Peer 1: 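Could you have a look at this structure, given as structure tokens, before my questions?
Owing to the predicted nature of the structure, the values given are computational and were not obtained by experimental measurement.
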Amino acid sequence: LAWQAVNSYEDILYHKANGIAKITINRPHKRNAFRPQTVSELIAAFTDAREDTAIGVVLLTGAGPHTDGKYAFCAGGDQSIRGLAGYVDGAGIPRLNVLDLQRLIRTMPKVVIALVAGYAIGGGHVLHLVCDLTIAADNAIFGQTGPQVGSFDGGFGASYLARVVGQKKAREIWFLCRQYHAQEALEMGLVNVVVPVEQLEAEGVRWAEEILTKSPLAIRCLKSAFNADCDGQAGLQELAGNATLLYYLTEEAQEGKNAFLEKRPPNFQDYPWLP
Ligand code: 2NE
């Protein structure tokens, strides 16, 4: 694809081409671990992709390989700037802004595909988890480290992981902090497919192009329906927002608005009470 660079960031790369956005965490010397600035930049790029009506699919990946030949999707929060109350930003404020990023990925009405080569560990593992789909390279390694490094993600990182791989496996992943290879991840339903590492991006683009031939509104409603099953009132709000969007598009809803603006009673007689 003829990727066009969008904006200029320090910790990420952001590209677009043919309806696809590609967001790359670009800290390979840290196995793409994120600091608050990385997360702020990711939020800015994801927000741009959400707002861009030409974009239907976002690919999230990690830069690599590093000079030592190793690949990483993301190794979670940067432990070297972890303070007492979170990951400390340039102004000295402790943050856990990756939680905002998780919600943005989960709720944006476009398909987000994680392309995982190498390590998806800790908070980096949760990032791939909250993406709609995960395509793993054959060298991908998955795992949580929280109880080993004095941390945990009891939000999507625990509850949604259990929805994806089941309660027993999710508890194993968190309690033992083991690492799992791509094939094991595939067997537990944690990823959608495994491909040779050199084909990772091409496979992601293929999946994206296939999705882009589908109905945007149908995909949008399906994503919110999948979320609603797990996300309680927030999930229902997202799903209901789409119902409202669809209703606004009808003549029936337009009649209500027009009647108000024209200072007359609404006439809904033409619209049937469908069975
Ligand atoms: C990812 C892993 C297993 C890779 O191991 P290896 O042996 O391939 O690489 P190495 O030598 O450990 O790492 C290469 C360089 O990257 C840095 C390392 O410190 C090292 O730097 P130098 O010594 O060469 O200068 N690096 C890697 N991960 C880092 C990190 N997370 N923070 C800062 N520097 C990092 C291995 O590196 C590993 O286990 N990394 C740590 C994974 C981890 O525990 N992440 C944090 C989990 S907690 C979290 O992410 C979180 C949460 O629980 C809740 C909310 C938000 C975040």
Side-chain angles (χ1 to χ4, degrees), residues 1 3 6 14-23 42-43 45-61 100-116 126-136 156 159-161 163-165 186 189-195 200-257 268 270-275:
L1 282 189
W3 293 112
V6 187
Y14 182 31
H15 294 89
K16 292 181 188 174
N18 301 353
I20 307 170
K22 181 175 64 161
I23 300 173
L42 287 166
I43 289 173
F46 269 102
T47 301
D48 177 89
R50 178 184 182 139
E51 294 295 317
D52 186 341
T53 55
I55 296 295
V57 178
V58 182
L59 306 177
L60 175 63
T61 193
D100 299 329
L101 175 63
Q102 292 173 4
R103 284 201 303 277
L104 177 56
I105 292 172
R106 194 163 165 80
T107 58
M108 66 186 288
K110 319 216 167 164
V111 178
V112 183
I113 306 177
L115 304 183
V116 178
V126 179
L127 276 186
H128 104 84
L129 176 71
V130 297
C131 292
D132 297 293
L133 302 165
T134 298
I135 300 178
F156 291 125
S159 63
Y160 187 56
L161 183 66
R163 294 280 186 133
V164 171
V165 300
L186 183 65
L190 190 56
V191 307
N192 295 88
V193 70
V194 179
V195 298
L200 183 62
E201 182 173 312
E203 187 71 13
V205 168
R206 244 191 312 277
W207 283 51
E209 286 175 341
E210 213 172 313
I211 292 164
L212 288 170
T213 64
K214 308 297 186 288
S215 158
L217 272 176
I219 298 280
R220 178 191 183 100
C221 290
L222 279 166
K223 177 162 175 170
S224 65
F226 283 122
N227 288 351
D229 180 45
C230 307
D231 292 0
Q233 284 196 327
L236 286 177
Q237 184 215 32
E238 198 187 317
L239 185 64
N242 285 327
T244 306
L245 183 158
L246 292 171
Y247 179 56
Y248 278 0
L249 292 170
T250 66
E251 279 184 11
E252 182 178 337
Q254 293 292 318
E255 166 59 15
K257 177 201 70 175
F268 293 116
D270 291 344
Y271 309 107
W273 297 87
L274 292 170

Peer 1: State, yes or no, whether a side-chain contact exists between Glu255 and Asp270 at a heavy-atom distance under 4.5 Å.
Peer 2: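 The answer is no; the side chains never approach within 4.5 Å.
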Peer 1: Starting at NZ of Lys22, measure out to CG of Leu1 and round the result to the nearest 0.5 Å.
Peer 2: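 These two atoms lie 8.5 Å from each other.
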Peer 1: So Thr134 and Leu190, do their side chains get closer than 4.5 Å, heavy atoms only?
Peer 2: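 No, their side chains stay 4.5 Å or more apart.
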Peer 1: Can you give me the closest heavy-atom contact between Glu252 and Phe268, atom names plus distance?
Peer 2: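 Nearest pair, atom of Glu252 first, then Phe268: O-CE2, 3.2 Å.
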Peer 1: Please say whether more than 12 non-hydrogen atoms of neighbouring residues, nucleotides or ligands are located less than 6.0 Å from OH in Tyr248.
Peer 2: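 No, the 6.0 Å shell around OH holds no more than 12 heavy atoms from other groups.
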Peer 1: Quick one: pull up CD in Glu51 and CZ in Phe46 and give me the separation to the nearest 0.5 Å.
Peer 2: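 Those atoms lie 14.0 Å apart.
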Peer 1: Taking the side chain as every heavy atom from C-beta outward, state whether Leu104 and Asp100 have any atom pair closer than 4.5 Å.
Peer 2: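 Answer no - side chains too far apart.
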Peer 1: What pair of heavy atoms forms the shortest contact from Val164 to Gly189, and how long is it?
Peer 2: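 Closest heavy-atom pair between Val164 and Gly189: CG1-O, 3.4 Å.
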Peer 1: Atom CG in Asp48, atom CD1 in Ile43: separation rounded to 0.5 Å?
Peer 2: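 These two atoms lie 14.0 Å from each other.
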Peer 1: Quick one: pull up OG1 in Thr47 and CG in Leu42 and give me the separation to the nearest 0.5 Å.
Peer 2: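 Thr47 atom OG1 to Leu42 atom CG measures 10.0 Å (nearest 0.5 Å).
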Peer 1: Taking the side chain as everything from C-beta on, heavy atoms only, tell me whether Val58 gets closer than 4.5 Å to Ile105.
Peer 2: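 In short, these two side chains do not touch, never coming nearer than 4.5 Å.
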Peer 1: What distance do Leu236 atom CG and Ser224 atom OG have between them, rounded to the nearest 0.5 Å?
Peer 2: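 The CG atom of Leu236 sits 10.0 Å away from the OG atom of Ser224.
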Peer 1: Would you say that Leu246 contacts Arg220 through its side chain, given a criterion of any heavy-atom pair below 4.5 Å between the two side chains?
Peer 2: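 Result no, sub-4.5 Å side-chain heavy-atom pair not found.
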Peer 1: Is Glu238 paired with Arg106 through a side-chain N to carboxylate O contact shorter than 4.0 Å?
Peer 2: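 No.
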Peer 1: Testing Leu133, Ile113, Asp132 one by one against Asn192 for a side-chain contact (heavy atoms from CB on, under 4.5 Å), which residue passes?
Peer 2: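 Of the listed options, the one satisfying the test is Leu133.
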Peer 1: Got a donor-acceptor contact below 3.5 angstrom from the Lys110 side chain to the Arg50 backbone?
Peer 2: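 Yes: the side chain of Lys110 pairs with the backbone of Arg50.
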Peer 1: Tyr14 and Ala49: which non-hydrogen atoms are nearest, and at how many Å?
Peer 2: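 Closest approach of Tyr14 to Ala49, heavy atoms only: OH-N, 3.3 Å.
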Peer 1: Over all heavy atoms of both residues, which pair between Leu239 and Ala228 is shortest? Give the atoms and the distance, please.
Peer 2: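 In this case the closest contact between Leu239 and Ala228 is CD2-CB, 4.1 Å.
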Peer 1: Quick check: are there more than 12 heavy atoms from other residues, nucleotides or ligands sitting under 6.0 Å from CD of Gln237?
Peer 2: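 No, because the 6.0 Å sphere around CD of Gln237 holds 12 heavy atoms or fewer from other groups.
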Peer 1: Kindly determine whether Trp207 and Val57 satisfy side-chain contact (heavy atoms from CB on, under 4.5 Å), including the steps that lead there.
Peer 2: CA-CA 9 Å; Trp207 283 51; Val57 178; over 6 Å; no
Peer 1: Do Val191 and Val116 come close enough that some side-chain heavy atom pair is under 4.5 Å?
Peer 2: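 No. Closest side-chain heavy atoms not under 4.5 Å.
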Peer 1: Is there a side-chain contact (heavy atoms from CB on, under 4.5 Å) between Glu201 and Thr61? Walk through the geometry before answering.
Peer 2: CA-CA 9 Å; Glu201 182 173 312; Thr61 193; 5.9 Å; no
Peer 1: Are the side chain of Lys257 and the backbone of Ala253 linked by a donor-acceptor contact shorter than 3.5 Å?
Peer 2: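 Not at all, since once roles are kept as given, no pair shorter than 3.5 Å links the two residues.
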Peer 1: Evaluate the criterion side-chain contact (heavy atoms from CB on, under 4.5 Å) for residue pair Val205 and Leu59; output intermediate values, then yes/no.
Peer 2: CA-CA 8 Å; Val205 168; Leu59 306 177; 4.2 Å; yes
Peer 1: Taking the side chain as everything from C-beta on, heavy atoms only, tell me whether Glu209 gets closer than 4.5 Å to Ile20.
Peer 2: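 The answer is yes, as the side chains (C-beta and beyond) meet within the 4.5 Å cut-off.
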Peer 1: Any side-chain heavy atom of Leu200 sitting closer than 4.5 Å to one from Ile135?
Peer 2: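 In contact.
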Peer 1: Looking at Cys230 and Arg163, what are the two nearest heavy atoms and their distance?
Peer 2: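 For Cys230 versus Arg163, the nearest heavy atoms are SG-NH1, 3.6 Å.
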Peer 1: Nearest 0.5 Å, please: how far is CG in Leu249 from CD in Gln254?
Peer 2: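 So the CD of Gln254 and the CG of Leu249 are separated by 8.0 Å.
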Peer 1: Closer than 4.0 angstrom, basic N to acidic O: yes or no for Glu203 and Arg206?
Peer 2: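 Judged by the 4.0 Å cut-off on N to carboxylate O distance, Glu203 and Arg206 do form a salt bridge.
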Peer 1: Lys223 vs Met108, test: side-chain contact (heavy atoms from CB on, under 4.5 Å). Steps then yes/no.
Peer 2: CA-CA 9 Å; Lys223 177 162 175 170; Met108 66 186 288; 4.1 Å; yes
